Amino acid sequence: MVPERCGGCSSPISDRYIMRVGETSYHERCLTCSLCQATLSHTCFYRDSKLYCRIDYER
């Protein structure tokens, strides 16, 4: 089985948990806001193929 690749860093994901947003998989450490780099551990927002925290998404 070929491991999935992370949408953030493009490396294979062999972690115990795979974070999925839409059709894209991420390492837990790579799931960050595209503007402020905050870790997105509970919620995230998605627009134009980018991930955002609530504050940056609402701007």
Side-chain angles (χ1 to χ4, degrees):
M1 183 161 113
V2 177
E4 292 195 50
R5 296 224 169 239
C6 177
C9 70
S10 300
S11 296
I13 302 173
S14 58
D15 298 356
R16 182 174 181 178
Y17 298 105
I18 296 175
M19 311 303 281
R20 295 205 37 101
V21 177
E23 297 296 317
T24 307
S25 299
Y26 295 88
H27 293 105
E28 189 173 0
R29 68 182 177 273
C30 293
L31 200 60
T32 59
C33 176
S34 62
L35 293 178
C36 71
Q37 306 308 312
T39 301
L40 303 172
S41 58
H42 297 289
T43 60
C44 68
F45 297 84
Y46 184 77
R47 181 187 301 148
D48 300 328
S49 301
K50 294 181 182 176
L51 300 172
Y52 298 95
C53 64
R54 178 185 299 272
I55 293 169
D56 288 328
Y57 180 80
E58 291 177 351
R59 286 186 197 161

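Only a predicted model underlies this, so the values are computations on that prediction, with no experimental measurement involved. Hydrogens, waters and symmetry mates are skipped; everything else that's a heavy atom, side chains included, is used.
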Margin query: Checking Ser25 now: which residues fulfil side-chain hydrogen bond (donor to acceptor under 3.5 Å, both in side chains) with it, not counting sequence neighbours?
Written below: Glu4, Arg20
Checklist line | Connected hydrophobic set around Ile18, excluding itself, where side chains approach under 4.5 Å | finding: Ile13
Item checked: With Ser11 via side chain to side chain contact (heavy atoms under 4.5 Å, CB included) - residues at least two apart -> Cys9, His27
Note to self: My understanding is that only residues two or more places apart in sequence, or in another chain, count here; which of them pass side chain to side chain contact (heavy atoms under 4.5 Å, CB included) with Arg59?
What the structure shows: Ile55, Asp56
Notebook entry, point to check: Quick one: side chain to side chain donor-acceptor pair (under 3.5 Å) pairs with a partner in residues 29-52, sequence neighbours left out?
Noted result: none
Next item on the list: Might you point out which heavy atoms bring Cys44 and Val21 nearest each other, and give the distance in Å?
Entry: SG-CG2, 3.8 Å
Check: Which atom pair, heavy atoms only, marks the closest approach of Arg5 to Ser10?
Finding: NH1-O, 2.9 Å
Notebook entry, point to check: Who are the ring-ring contact (aromatic ring centres under 6.0 Å, His included) partners of Tyr57, not counting sequence neighbours?
Noted result: Phe45
